[in-house]
Amino acid sequence: MNLKHKTTEEYQGFEQGPIRPPSEAFSLLVRVTRNCPWNRCTFCPVYKDTRFSIRPKDHVIKDIDSVHRSVEIIQKTAREEANVPLAEIRKAAGNGDHVDPLAFNAALNWARDGMRSVFIQDANSLIIKPSDFVEILTHLKMRFPWVERITSYARSHTIARISDDNLKAIRDAGLNRIHIGLESGSDNVLKMTQKGVSKETHIKAGLKVKKVGMELSEYVMPGLGGKAFSEEHAVETADALNQINPDFIRLRTLAIPNSVSLYDDYETGRFEKCTDLMMAEEVLLFIESLNGITSVLKSDHILNLFQNLEGKLPEDKENMLDIVRRFLAMTPDRQCVYQVGRRLGYFSRLSDMENPRRLERTKKACKQFGITPENVDEVIDELMRRFI
Ligand code: SF4
């Protein structure tokens with residue numbers, strides 16, 4: 001794989017990549033690389049059929065400067081006229097300095113959201129030369145000294161290969177949180193899904209991030225082991241996290257869109273997907289197995305069955321387990337209604353079933369589409385694909 005960018009590449013203007021973590025919804029997105037250098041995980045649809053490249057450092061600096069110029073215009077206009085509508089600010093920019101419209105738009109959204117955080121894109125920014133990363137971060141901090149949080153996605157495989165000194169230099173330059181797609185702590189699951197990393201490397205990378213004093217957010221994918229490895233996936237993932245003690249553990253349930261290679265395995269029966277009920281049992285075992293750590297568990301993804309499955313370990317562990325146990329103790333009919341209501345966006349938590357209007361709408365949908373406890377998982381699969 002050729003990781004080098006062409007030095008002759010011409011600047012094409014401000015760029016942003018396709019995704020960011022849900023928790024970075026209010027962050028400015030600064031694109032340092034394009035796509036994913038690995039791009040082989042069998043469950044991942046994000047960068048399929050794209051080529052990885054590193055953007056020239058001076059192009060990233062130009063992006064930052066464009067946003068900075070836009071922010072200055074926005075702040076000036078807002079100072080001159082209180083409560084000025086966004087459309088007016090947009091017009092003022094069009095009449096004045098020539099700014100990159102995409103950068104201006106990004107700045108406008110960022111200004112509206114308080115300009116407190118920045119997310120460095122795309123899938124594995126730490127693969128660039130550490131000295132380039134430090135330079136980009138330093139420029140970012142110089143332009144926007146008030147920014148409190150700068151974060152990035154990174155692969156464990158990449159972090160494990162960065163020296164402590166370089167990682168420390170990146171932290172000192174401003175990167176204070178890293179999001180890692182751990183997905184699983186089971187070597188069987190990691191191998192089966194071609195994650196390109198082992199449990200040992202995940203643990204090594206996680207501990208490294210913590211050692212240099214950055215915040216660490218680890219993503220876990222319930223359901224990734226399928227029926228065959230469900231239990232192992234839960235126990236081994238918890239064991240890896242117990243050794244790392246990350247600041248955040250974030251759940252993002254498996255879904256299998258037609259575009260990923262795991263879909264072929266699913267279609268041919270080589271991969272047997274867990275039902276929602278099995279997934280709930282897996283999550284229960286996973287949380288039960290989290291011990292001796294102080295992480296915050298988050299469930300901030302639309303694909304998850306319980307949006308309120310959140311809390312700080314160890315004190316909120318029993319509350320979180322109670323949510324899953326209550327679901328598992330429900331009758332199949334009620335479980336089915338909850339599953340459908342959750343996927344249709346009527347429910348985000350079990351207590352939403354107490355809302356007569358939402359419950360009625362969900363029951364109506366079940367009736368209309370003929371959804372029963374027997375076919376609910378098939379229907380849900382279809383619904384989940386729409387959210388990916
Ligand atoms: S490393 Fe991340 S972005 Fe790349 S293919 Fe795997 S899951 Fe997708």
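Small disclaimer: the values here were computed from a predicted structure and weren't measured.
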Interatomic spacing from CD1 in Ile178 to CD in Glu218 - rounded to 0.5 Å: 10.0 Å

Glu282 side-chain N/O to His233 backbone N/O, donor-acceptor pair under 3.5 Å: no

More than 12 heavy atoms of other groups within 6.0 Å of Lys317 NZ: yes

Test item: Asp352 side-chain N/O and Arg349 main-chain N/O as donor-acceptor pair under 3.5 Å: yes

Arg161 CZ: over 12 foreign heavy atoms closer than 6.0 Å: no

Plane angle bin for His179 and Tyr219 - parallel if under 30°, tilted between 30 and 60°, otherwise perpendicular: tilted

Lys/Arg N to Asp/Glu carboxylate O, Glu183 vs Lys191, below 4.0 Å: no

Main-chain N/O of Cys44 paired to Lys48 side chain as donor or acceptor, under 3.5 Å: yes

More than 12 heavy atoms of other groups within 6.0 Å of Asp49 CG: no

Between Thr294 and Asn245, a side-chain donor and acceptor under 3.5 Å: yes

N-O pairing of Asp276 and Arg343 below 4.0 Å: yes

Stepwise side chain to side chain donor-acceptor pair (under 3.5 Å) test for Ser198 and Asp187: CA-CA 6 Å; Ser198 64; Asp187 279 328; 4.8 Å; no

Greater than 12 external heavy atoms within 6.0 Å of Lys62's NZ: yes

Carboxylate-amine/guanidinium proximity below 4.0 Å for Glu318 and Arg325: yes

Under 3.5 Å donor-acceptor, Ser295 side chain and Leu297 backbone: no

Check ion pair Asp300-Arg250 (N to O, under 4.0 angstrom): yes

OH (Tyr11) with more than 12 external heavy atoms under 6.0 Å: yes

Test item: Arg116 side-chain N/O and Trp146 main-chain N/O as donor-acceptor pair under 3.5 Å: no

Tyr47 ring center near Phe52 ring center (under 6.0 Å): no

Ion pair Glu15/Arg34, N-O distance below 4.0 Å: yes

Sidechain-backbone polar pair: Asp122 side chain, Asn35 backbone, donor-acceptor under 3.5 Å: yes

The single option from Leu28, Val118, Ile136 passing side-chain contact (heavy atoms from CB on, under 4.5 Å) against Ile64: Ile136

Any donor-acceptor pair under 3.5 Å from Thr237 side chain to Ala234 backbone: no

Neighbour count above 12 (heavy atom, 6.0 Å) for Glu231 CD: no

More than 12 heavy atoms from other groups under 6.0 Å of NZ on Lys227: yes

Heavy-atom closest pair, residues Met214 and Leu175: CG-O, 3.7 Å

Donor-acceptor contact present, side-chain Asn355 to main-chain Arg357, <3.5 Å: yes

Check: Asn319 side chain, Asp316 main-chain N or O, donor-acceptor pair, under 3.5 Å: no

Exceeds 12 heavy-atom contacts within 6.0 angstrom, atom NZ of Lys141: yes

Cationic N near anionic O, under 4.0 Å, Asp322 to Arg326: yes

Asp132/Lys57 salt bridge by N-O under 4.0 Å criterion: yes

Residues Asp63 and Arg55 bridged, charged N to O under 4.0 Å: yes

Test side chain to side chain donor-acceptor pair (under 3.5 Å) applied to Glu24 and Thr151, step by step: CA-CA 9 Å; Glu24 303 293 339; Thr151 72; 3.0 Å; yes

Asn176 and Glu215: CA distance, side-chain angles, deciding distance, side chain to side chain donor-acceptor pair (under 3.5 Å) verdict: CA-CA 6 Å; Asn176 43 22; Glu215 279 190 323; over 6 Å; no

Flag, side chain of Ser27 to backbone of Leu29, donor-acceptor distance under 3.5 Å: no

Worked verdict on Glu310 versus Ser299 for side chain to side chain donor-acceptor pair (under 3.5 Å): CA-CA 6 Å; Glu310 300 201 332; Ser299 179; 5.4 Å; no

